[in-house]
Amino acid sequence: MFRIFHKNMESAGTSSKQEAYRKAIARVEELLGTTSRPDEQGAILDYAIKVVKRDLIGEALSNIFYCGNEFPPDWRNVIPVPFSCQEKKPVSIDLGSTDVLAVPWRVESLATSIRDLRTAPFNSAEGRYSASYYKEIGLAVINNGIHHSAVASMGGGGAIQAAAYSMAAAFNIMSTNGAVWTIKEQQGTSQIDVLDFRFAILFTLAEKRHKISQTAFASANIDTRSLASYNNIHTGTVELEEGRSFDDT
């Protein structure tokens, strides 16, 4: 299985998660230190984000083959961005071209999905599909309709509607040390265990990428609307007009 960053077992303790997270971020900082140009630093972060996503996606899809009688990990609420950071407009994501995290866990359901999509195109209207889309890292996490979505992501594609979450809106109230998420809101501070340290890595890399983008646009005197347009292009999503459902597109 594809690996760049060393992966500890899911059962790794807090200190192990923190150490793995620390090593990965330190290596990225080392790469960033090789240049002072924002565009080159942005490219380095884009590469690192893509590597970590590919690592997670490969494991999510293949775990069912290796886990024996154990259930694969439940990777749905992987980055607990507060509800206040959910955007008003959903996004349409193409399962064939978007980075999709789906964890098949039931043999019968996976077999049925493979048979279904072998003879017919993916149709989101045939079942209940839901997903969370993290814009700054371009990752769609499937919450329901997991098996069909997983198969569609491997070929053929198909579009579903996803709730869009702005990690940029969460950067001021969320932080992580690789083992725990700390979320500071008006009602108080809460802490949530990190499911896998690689999700914490993605969050931190996205935060760094966002800061570089803001700096670059500010230095070029480009307004925030242009920055939003850049982010949409960068993540490759299509926003739905307010008041329209996915079926209207």
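Side chains of L202 and F197 form no contact here, defined as non-hydrogen atoms less than 4.5 Å apart. Within the 4.5 Å cutoff, no side-chain heavy atoms of M167 are placed close to those of E207. Contact of the Q161 side chain with the S130 side chain is not registered, since no non-hydrogen atoms from C-beta on lie closer than 4.5 Å. Residues I183 and I192 meet the side-chain proximity criterion, which asks for heavy atoms closer than 4.5 Å. A 4.5 Å side-chain heavy-atom check between S84 and E185 finds at least one atom pair inside the cut-off. Within the 4.5 Å cutoff, the side chain of N77 has no heavy atoms near those of the V141 side chain. In this structure, L45 and L32 have side chains that are in contact, with non-hydrogen atoms separated by less than 4.5 Å. Taking the side chain as every heavy atom from C-beta outward, L139 and T98 never approach each other to under 4.5 Å.
Side chain of Y134 to main chain of I79: a donor-acceptor pair is present (N/O by atom type, distance under 3.5 Å, no hydrogens or angles). A donor-acceptor pair under 3.5 Å is formed between the side chain of H147 and the backbone N or O of R106. Looking at S153, its side chain does come within 3.5 Å of a backbone N or O of A150 through a donor-acceptor pair. Without hydrogens or angle criteria, Q41 side chain to T35 main chain gives a donor-acceptor distance under 3.5 Å. For N144 (side chain) and R128 (main-chain N/O), a donor-acceptor pair under 3.5 Å exists by modelled atom type. Side-chain atoms of H148 do not come within 3.5 Å of backbone N or O of I114 as any donor-acceptor pair. Distance alone, capped at 3.5 Å, places no donor-acceptor pair between the S149 side chain and the I146 backbone. E87 places no side-chain N or O within donor-acceptor distance of the main-chain N or O of Y165, the cut-off being under 3.5 Å. The closest donor-acceptor contact from the side chain of R198 to the backbone of K53 lies at 3.5 Å or more, if one exists at all.
Of all heavy-atom pairs between V78 and L195, the closest is CA-CD1, 4.1 Å. Nearest heavy-atom pair, L31 versus I44, reported as atom, atom and distance to 0.1 Å: O-CD1, 3.4 Å. Nearest heavy-atom pair, L61 versus A102, reported as atom, atom and distance to 0.1 Å: CD2-O, 3.8 Å. Shortest non-hydrogen contact noted between T189 and K184 is OG1-CG, 3.6 Å. A pairwise comparison of heavy atoms in S132 and N143 identifies OG-ND2, 3.1 Å as the closest pair. Nearest approach of I160 to I142, heavy atoms of both residues: CD1-CD1, 3.8 Å.
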field: L56 vs W75, side-chain contact (heavy atoms from CB on, under 4.5 Å): CA-CA, chis, key distance, verdict
entry: CA-CA 10 Å; L56 283 164; W75 283 349; 3.8 Å; yes
task: Verify side-chain contact (heavy atoms from CB on, under 4.5 Å) between I137 and L205, making sure each step is shown before the conclusion.
output: CA-CA 9 Å; I137 56 175; L205 296 182; over 6 Å; no
Steps toward side-chain contact (heavy atoms from CB on, under 4.5 Å) verdict (T182, T176): CA-CA 6 Å; T182 299; T176 181; over 6 Å; no
- prompt: Under the side-chain contact (heavy atoms from CB on, under 4.5 Å) criterion, do I64 and W105 qualify, and how do the steps go?
  reply: CA-CA 6 Å; I64 192 170; W105 59 274; 5.7 Å; no
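We find the CZ-NZ distance between F199 and K17 to be 11.0 Å, quoted to the nearest 0.5 Å. For the atom pair F83 CZ and C85 SG, the distance stands at 10.5 Å (nearest 0.5 Å). The CG atom of D193 sits 9.0 Å away from atom CD of Q191, with the distance rounded to the nearest 0.5 Å.
Side-chain contact check for Y21 and T204: at least one donor-acceptor pair (N or O, by modelled atom type) lies under 3.5 Å. Side-chain contact of T119 with R115: a donor-acceptor pair under 3.5 Å is absent, judged by distance alone.
A tilted orientation is assigned to the rings of F171 and H210, their planes being inclined by 30° to 60°.
Within 6.0 Å of the CD atom in Q187, the count of heavy atoms belonging to other residues, nucleotides or ligands exceeds 12. Atom CD of E108 has more than 12 neighbouring heavy atoms from other residues, nucleotides or ligands inside a 6.0 Å radius.
Clustering ILVMFWY residues whenever any of their side-chain heavy atoms sit less than 4.5 angstrom apart, transitively, puts V180 in a cluster other than the one holding I173.
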